[in-house]
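To start, the structure under review is shown below, and the notes come after it.
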2 protein chains.
Amino acid sequence: MDTIERDTSGLPADVLNPNCPSRVIFQRIGDKWASLVVQVLAEGPVRFSDLRKMVSVVTPKVLTQTLRSLERDGLVTRTVHAQVPPRVDYELTALGRSLLDPLALLRAWAESHVPAILAARDAYDDAQDEALLG
Amino acid sequence: MDTIERDTSGLPADVLNPNCPSRVIFQRIGDKWASLVVQVLAEGPVRFSDLRKMVSVVTPKVLTQTLRSLERDGLVTRTVHAQVPPRVDYELTALGRSLLDPLALLRAWAESHVPAILAARDAYDDAQDEALLG
DNA sequence: CAGGATCCCGATAGATACTG
DNA sequence: CAGTATCTATCGGGATCCTG
């Protein structure tokens with residue numbers, strides 16, 4: 001049951017393995033809103049409507065979906081306060097908080113290298129144009 | 001032109017800003033195959049067909065798309081060797097290699113916490129089932 | 001306020017077949 | 001070998017409307 005197939009070619013890493021857990025992560029990180037929500041929740045509990053404002057423009061449906069999946073994965077807790085008007089707080093679990101560091105590193109990479117990426121894009125696109133013009 | 005709008009609510013982080021560069025990154029990382037390809041290229045240059053084998057099952061079309069976008073972003077170089085049969089090598093640039101560390105951290109997180117995530121999912125799903133059964 | 005229910009659409013992955 | 005071309009199927013995301 002627990003046997004995990006290793007590649008037979010002697011290649012490194014399990015990234016190659018479709019069963020590799022890292023794929024699960026990249027799915028979550030890759031989610032358009034999930035990683036943003038996690039980072040917004042870094043400071044502490046936030047209620048639904050505030051979350052909506054903080055995460056640029058996301059529709060309630062999509063935000064709900066995102067939060068549900070995060071909750072299902074044990075990264076976020078959902079707390080309903082029995083009061084009128086209703087109030088629902090979302091907060092990171094310990095598991096969710098453990099993701100903050102890797103995420104922060106990624107953000108740091110982003111902020112320091114995005115200019116280079118954008119420059120590369122321009123250069124690439126220019127080269128393409130030139131090629132077309134002959 | 002360079003003015004970047006800050007949130008007026010005194011909230012932290014630029015994640016909230018749609019113009020925030022981190023979004024560019026999460027797009028790239030979130031790409032189903034891009035981050036996998038980058039990690040596979042960590043060891044050194046790899047040719048197209050080998051890449052196909054290494055990155056589980058990806059169609060040539062999609063792999064090409066992925067490589068093009070990585071090339072455009074300056075993370076990967078494409079080298080065509082004029083010979084028969086054709087040989088094309090893909091290799092990380094310095095920029096691409098600089099992404100390896102953040103990626104590795106994410107993978108480490110994945111591999112250590114995925115069991116917890118899967119357990120959380122089971123628990124969540126069970127709770128859902130129970131709720132339905134009354 | 002915090003969402004659930006629907007309908008819809010554009011982007012994209014994948015399968016298949018073909019080419020320099 | 002290293003792709004390109006085409007078609008199709010799927011799906012996340014958004015818009016809109018409604019409710020406990």
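As the structure is a computational prediction, the values presented were derived from the model and not from experiment. Each chain gets a letter, A, B and so on, in the order the sequences are listed, and its residues count up from 1. In what follows, every heavy atom counts, from backbone to side chain, and hydrogens, waters and symmetry copies are set aside.
- In the set C:dG20, D:dT4, D:dG14, D:dT4 carries the atom at the smallest distance from any side-chain atom of B:Arg68.
- Nucleotide C:dG3 holds its P atom 10 Å from the CG atom of A:Asp89, rounded to whole Å.
- For C:dT12, neither phosphate oxygen OP1 nor OP2 lies less than 4.0 angstrom from any side-chain nitrogen or oxygen of B:Trp33.
- At C:dA2, one or more side-chain N or O atoms of A:Arg47 fall inside 4.0 Å of OP1 or OP2 (strictly under the cut-off).
- One cannot find a donor-acceptor pair under 3.5 Å joining the base of C:dG3 and the side-chain atoms of A:Lys61.
- Distance A:Glu71 CD to C:dA2 P: 15 Å, rounded to the nearest Å.
- In this structure, the CG atom of B:Leu63 is 11 Å from the P atom of D:dA2, given to the nearest Å.
- Between A:Asp125 and B:Arg72 a salt bridge is recorded (basic side-chain N to carboxylate O distance below 4.0 Å).
- Not one side-chain nitrogen or oxygen of A:Thr59 sits closer than 4.0 Å to the OP1 or OP2 atom of D:dA15.
- Taking only side-chain atoms of B:Pro60, from C-beta outward, the nucleotide of C:dG14, D:dT4, C:dG4 with the closest atom is D:dT4.
- Looking at heavy-atom distances under 4.0 Å, A:Gln65 makes no contact with the nucleic acid at all.
- Screening A:Val37, A:Val38, A:Val40 against A:Leu92 for a side chain to side chain contact (heavy atoms under 4.5 Å, CB included) leaves a single residue, A:Val38.
- To the nearest angstrom, C1' of C:dC1 lies 10 Å from CD of A:Gln83.
- In this structure, A:Arg87 places its CZ atom 12 Å from P of C:dG3, rounding to the nearest Å.
- Looking at heavy-atom distances under 4.0 Å, B:Arg52 makes no contact with the nucleic acid at all.
- Atoms CG (B:Asp31) and P (C:dG14) sit 11 Å apart, rounded to a whole Å.
- Comparing atom distances between the A:Val62 side chain and each of D:dG14, D:dC1, D:dC7 picks out D:dG14 as nearest.
- Ion pair B:Asp50/B:Arg52 not flagged as a salt bridge, since none of the NZ, NE, NH1 or NH2 atoms sits closer than 4.0 Å to an Asp/Glu carboxylate oxygen.
- One finds a side-chain N or O of A:Ser49 lying less than 4.0 angstrom from the OP1 or OP2 phosphate oxygen of C:dA2.
- The side chain of A:Phe48 approaches C:dG3 more closely than any other nucleotide in the set D:dA2, D:dT4, C:dG3.
- Screening residues 90-105 of chain B for salt bridge (charged side-chain N to carboxylate O under 4.0 Å, His left out), with sequence neighbours left out, gives no hits.
- Under 4.0 angstrom from either OP1 or OP2 of C:dG3 there lies at least one side-chain N or O belonging to A:Arg78.
- Clustering ILVMFWY residues whenever any of their side-chain heavy atoms sit less than 4.5 angstrom apart, transitively, puts A:Val80 in the very cluster that holds A:Val46.
- Going from atom NZ of B:Lys32 over to atom P of C:dA11 covers 19 Å, rounded to whole Å.
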